[in-house]
Protein chains: 2
Amino acid sequence: MPNQSYHLDKIFHALADPTRRSVMERLCRGPASVGELARPFDMALPSFLQHLKVLEQSGLLRSHKVGRVRTCQMEPQALEMTERWLVEQRTLWERRLDRLDDYLIDLINKEKEQ
Amino acid sequence: MPNQSYHLDKIFHALADPTRRSVMERLCRGPASVGELARPFDMALPSFLQHLKVLEQSGLLRSHKVGRVRTCQMEPQALEMTERWLVEQRTLWERRLDRLDDYLIDLINKEKEQ
DNA sequence: GCTATAGTTAGCCGTATGCCTAACCAATCC
DNA sequence: GGATTGGTTAGGCATACGGCTAACTATAGC
């Protein structure tokens, strides 16, 4: 059931690991092969591959294989969705603070009237 | 070692669960007690408490106890940090696309000159 | 065709996660 | 002060996660 929430689960989970975030940061600078991506990390290739799989299943990364080399690239749309959620939460919160503000101002004004 | 990256680990991990995101969504509408937060979920209280602990350790949630009731509220600053990371990634990506654009335009212009 | 290169699959292992129940404080309420 | 309410701790259990090695497949290069 790939609904919205499930998708966010995957994306946030994917980003909750420094190796995977690092890969995404690298991919911002352009596509790269698996080996190229793996090089900076002190980790066996199969372990690293699993990280790539997590990223790919979250939709943050796309890849295609040509010959024997698989090239990966970022899928920025997935980031956008996540960003939207975060911004929405913060906005709701701020709106609430505004309402609280209004409420308090109202209260103070009523105090004055008495 | 609570460095920047470690912090992001915690926050993204905290948000990678629908129950915890739901709690945050609720908290956008204002503070609430543990019991109040737990009510919508079909889950034993101790299980739910663990989710709250994860949120609190990530810095997304603050709480204080008065008498026997613990009140929780959102800490929007933690969200901001996460948002910054996401926006930065996307921005870098877009900047890259722009550079690629420039490069291609350049290439086309040189083609024309020949 | 043989060898080196780039990735992949299978399977193991310890720790973390997410759920539960049962038992336990500690304020309130009557 | 005894019962109720709101939350907490302890401990158990199944599954997921993140790492590893070893063995394998498939392309590229000579």
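Per chain, numbering begins at 1; letters A, B, ... match sequence-line order.
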Assess the residue pair E80(A) and W85(A) against the criterion (side-chain hydrogen bond (donor to acceptor under 3.5 Å, both in side chains)); give the C-alpha distance rounded to whole Å, side-chain angles, the decisive distance to 0.1 Å, and a yes or no.
CA-CA 9 Å; E80(A) 265 176 65; W85(A) 187 86; over 6 Å; no
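Closest to the side chain of V34(A), from the set dA10(D), dG6(D), dG7(C), is dG7(C). With distances taken from any side-chain atom of S33(B) to the nucleotides dG7(D), dT21(C), dT9(C), the minimum falls on dG7(D). Set against dT8(C), dG18(C), dT8(D), the side chain of K65(A) has dT8(C) as its closest nucleotide. For L45(A), taking side-chain heavy atoms from C-beta onward, the closest of the listed nucleotides dG18(C), dG19(D), dT8(C) is dT8(C). When distances are taken from the side chain of R68(B) to each of dT4(D), dG7(D), dT9(C), the shortest belongs to dT4(D).
Rounded to whole Å, the distance from CZ on F41(B) to C1' on dC20(C) is 18 Å. Between the CE atom of M43(A) and the P atom of dC17(D) there is a distance of 16 Å, rounded to whole Å. When the C1' atom of dA6(C) is taken as reference, atom CG of L49(A) falls 10 Å away, rounded to whole Å. The nearest whole Å value for the distance from the CG atom in D42(B) to the P atom in dG18(C) is 17 Å. Rounded to an integer number of Å, the gap from CG of D17(A) to P of dA16(D) is 18 Å. When rounded to the nearest whole Å, the span between CG of L37(A) and P of dT8(C) equals 12 Å. Taking atom CG of residue L52(B) and atom P of nucleotide dT17(C), one finds them 16 Å apart after rounding to whole Å. Summarising the geometry, the separation between CG on D9(A) and C1' on dT17(C) is reported as 14 Å, rounded to the nearest angstrom.
Of the two residues near DNA chain C, T71(A) and Q50(A), the one whose nearest nucleotide lies more 5' is T71(A). When the nearest nucleotides of DNA chain D are assigned to V69(B) and A44(A) by heavy-atom distance, the more 5′-ward of the two goes with V69(B).
In terms of heavy atoms, A78(B) sits closest to T82(B) at O-OG1, 3.1 Å. Contact between M43(A) and H51(A) at its shortest, heavy atoms only, is SD-CD2, 3.8 Å.
A sub-4.0 Å separation between OP1 or OP2 of dC17(D) and a side-chain N or O of H13(A) is present. Taking side-chain N and O atoms only, H51(A) has a distance below 4.0 Å to OP1 or OP2 of dG19(D). A sub-4.0 Å separation between OP1 or OP2 of dT8(C) and a side-chain N or O of R70(A) is present. Considering only side-chain N and O atoms, S47(B) lies nowhere under 4.0 angstrom from the phosphate OP1 or OP2 of dG18(C).
Using a 4.5 Å cut-off on side-chain heavy atoms (C-beta onward), D9(B) and D17(A) make no contact. Taking 4.5 Å as the limit, some side-chain heavy atom of H7(A) sits within range of a side-chain heavy atom of I11(A).
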